[in-house]
There are 2 protein chains.
Amino acid sequence: MTAFITASLSILAADGGPFSSPEWGSSVGAPCLLGVPQACARLGALAVERSTGLGDDAHQHRKNQRVSNVSVQLEMRSLWEEFNRLGTEMIVTKAGRRMFPTFQVKLSGLDPLADYVLLMDFMPLDDKRYRYAFHSSSWLVAGRADPAAPGRVHFHPDSPAKGAQWMRQIVSFDKLKLTNNLLDDNGHIILNSMHRYQPRFHVVFVDPRRDSERFAHENFKSFTFTETQFMAVTAYQNHRITQLKIASNPFAKGFRDCEPEDW
Amino acid sequence: MTAFITASLSILAADGGPFSSPEWGSSVGAPCLLGVPQACARLGALAVERSTGLGDDAHQHRKNQRVSNVSVQLEMRSLWEEFNRLGTEMIVTKAGRRMFPTFQVKLSGLDPLADYVLLMDFMPLDDKRYRYAFHSSSWLVAGRADPAAPGRVHFHPDSPAKGAQWMRQIVSFDKLKLTNNLLDDNGHIILNSMHRYQPRFHVVFVDPRRDSERFAHENFKSFTFTETQFMAVTAYQNHRITQLKIASNPFAKGFRDCEPEDW
DNA sequence: CGATTTACACCTAGGTGGAAATGT
DNA sequence: ACATTTCCACCTAGGTGTAAATCG
């Protein structure tokens, strides 16, 4: 997968699309440490569309047919919604922490024979910093946002792959890790603790044409699921979030008090 | 990686090279179960060249420059040699068993910007069936070989990748599993127990030319390390092999009696 | 004092050979 | 007899939240 990075960067880096940004170009020649691509990218300010269960992309005009028909279904949506009702929190650590629930999707409408790259990034949901009021069990605005962390993207490690392969089974981003270390060199997603974020999912058609850069803006489609938004934290604040994590994450089984309710 | 299989098959299936075989063509359209490619291939009878440490390929004439300069170094060679002196045995099980030592190589001489596929296959070392004589602690010929198992290849899961990526660090085939189940549908390598085998390693340049099939025979290079040959078994026969496995395989640490000698 | 880091017990997931059971 | 299968205790490797320590 890593070998592909430079190629996809050159495609995505083309101006005209929401992916265009100076950081793309500067990271093309960056060294890979431990085989993990250091491909960094600050994606442009694509408006975050509201979505319910089925992803949507407001920019469907002038899209290549290889992506315009793509549709995405969020897996474990009811679990995401249960967390979202309480106010989802995701732990960030220096070494990097996986998300739970894991971001998983079911794809359809891809060209089975075409190559696609799948990736995720994270948009700040607002320009604020928060703190948790334990007495009222609620989040309060604690000021303006800290300086934005380096914008990074996470390529699904199976990228690139044929549409048929992506549609064959659920696509899981379980290798994605969140960190609060601004100097992270493991290729993890860097977020500011006590800030709110919106995960985004992107499907990119790998255009085989020589001058594919010119079509970069029409070769991708983005999806946003508002039920996956979350607060980055270094320790859980809302005790009900902690309990729901313990109840639903198999790796936290050691902290369960009672019944093995089916999740 | 799996999405690539059909493409590589079409390249490798071309006649003229040692990879040519009817099985290649017939497996192109085969369904993938559990995402594991069912790409099967019976490779032609390439003569097994003797080799010591550094792999060699006797067929260097008319090779593409993208592969002709490739050289391969076997990792953990002294450990392989230690096993080989005793007569290496590899367990085969119905579910599939990893090799130990793991086949790992260090590559050089690849074109950093070109795409390569790395794969392994296993050649019968002779036409015999063996049994172990415990009284003399030696292997005896027990008759002619059983009917050959379905010839399969194992693509390194990072394939395809750029030469630069393959050369960046040691390439490990630790996902490769051996089975004695002739009906295996997990894509594992099928071997006959009580038969001797020679692992082979192949570097294939992914030719971007439209008519790449015509050049298939000159776009790969094969490497054989005689110190990696082994006897397939369902249970260890030579007790000294068992002890060396226990002493050197971290997963068998539970069976160690004494000192943590550095391996 | 709130936020972050660290060490840790307790899990999941899966790779070992042993020993007993089961074929052939 | 010999070969194979199955179950198991014991590992590696790494994902959990906790509680205490540390930071700012």
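Here is how names work: the chains are called A, B, and so on, in the same order as the sequence lines, proteins then strands, and each is numbered from 1.
Put simply, CE on Met90(A) is 10 Å from P on dG17(D), counting in whole angstrom units. Atom CG in Leu182(B) sits about 11 Å away from atom P in dT4(D), given to the nearest Å. Atom pair Asp146(B):CG and dA3(D):C1' shows a separation of 12 Å (rounding to whole Å applied). Whole-Å rounding puts the Asn181(B) CG to dT4(D) P distance at 13 Å. The nearest whole Å value for the distance from the CZ atom in Phe251(B) to the C1' atom in dC10(D) is 12 Å. Going from atom CD of Glu89(B) over to atom C1' of dT4(D) covers 15 Å, rounded to whole Å. One can place CD1 of Ile246(A) at 9 Å from C1' of dT18(D), the figure rounded to the nearest angstrom. For Asn249(A) and dG17(D), the CG to C1' distance is 10 Å, given to the nearest whole Å.
Screening residues 229-244 of chain B for salt bridge (Lys or Arg N to Asp or Glu O under 4.0 Å), with sequence neighbours left out, gives no hits.
Under the side-chain hydrogen bond (donor to acceptor under 3.5 Å, both in side chains) criterion, Ser136(A) pairs with Ser138(A), sequence neighbours left out. Partners of Lys106(A) under the salt bridge (Lys or Arg N to Asp or Glu O under 4.0 Å) rule, at least two apart in sequence or in another chain, are Glu75(A). For Tyr132(A), there are no side-chain hydrogen bond (donor to acceptor under 3.5 Å, both in side chains) partners, not counting sequence neighbours. Checked against side-chain hydrogen bond (donor to acceptor under 3.5 Å, both in side chains), Thr228(A) has the following partners two or more places apart in sequence or in another chain: Gln198(A). Under the rule for a side-chain contact (heavy atoms from CB on, under 4.5 Å), the partners of Lys253(B) that lie at least two apart in sequence or sit in another chain are Arg256(B).
When the side-chain nitrogen and oxygen atoms of Arg256(B) are compared with OP1 and OP2 of dC10(D), none of them lie within a distance under 4.0 Å.
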Apply side chain to side chain contact (heavy atoms under 4.5 Å, CB included) to Val153(A) and His202(A), showing your working. CA-CA 10 Å; Val153(A) 299; His202(A) 309 281; over 6 Å; no
Under 3.5 Å, which N/O atoms of the protein pair with N/O atoms of nucleotides 6-9 of chain D?
none

Can I get a per-line list of side-chain donor-acceptor pairs under 3.5 Å for residues 170-179 of chain A, giving both atom names and the distance, sequence neighbours left out?
{"residue": "Ser172(A)", "atom": "OG", "partner": "Gln104(A)", "partner atom": "NE2", "Å": "3.1"}
{"residue": "Thr179(A)", "atom": "OG1", "partner": "Thr93(A)", "partner atom": "O", "Å": "2.7"}
{"residue": "Thr179(A)", "atom": "OG1", "partner": "Lys94(A)", "partner atom": "O", "Å": "3.2"}
{"residue": "Thr179(A)", "atom": "OG1", "partner": "Asn181(A)", "partner atom": "N", "Å": "3.0"}

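Think of the region where chain A sits on DNA chain C: with heavy atoms and a 4.0 Å cut, that region ends 5' and 3' at dA3(C) to dT12(C).
When heavy atoms are screened at a 4.0 angstrom cut-off, Tyr236(A) is found touching the sugar-phosphate backbone but no base atom. Arg131(B) comes within contact range of the sugar-phosphate backbone alone, with a heavy-atom separation under 4.0 Å but no base atom that close.
A cation-pi arrangement, defined by a distance under 6.0 Å to the six-membered ring centre and an angle within 45 degrees of its axis, is absent between Lys245(B) and Phe251(B).
Toward the 5' end of DNA chain D, the nearer of the two residues Ala252(B) and Val233(B), judged by each one's closest nucleotide, is Val233(B). Residues Lys253(A) and Met194(A) each lie close to DNA chain C; by heavy-atom proximity, the contact nearer the 5' end of the strand is made by Met194(A).
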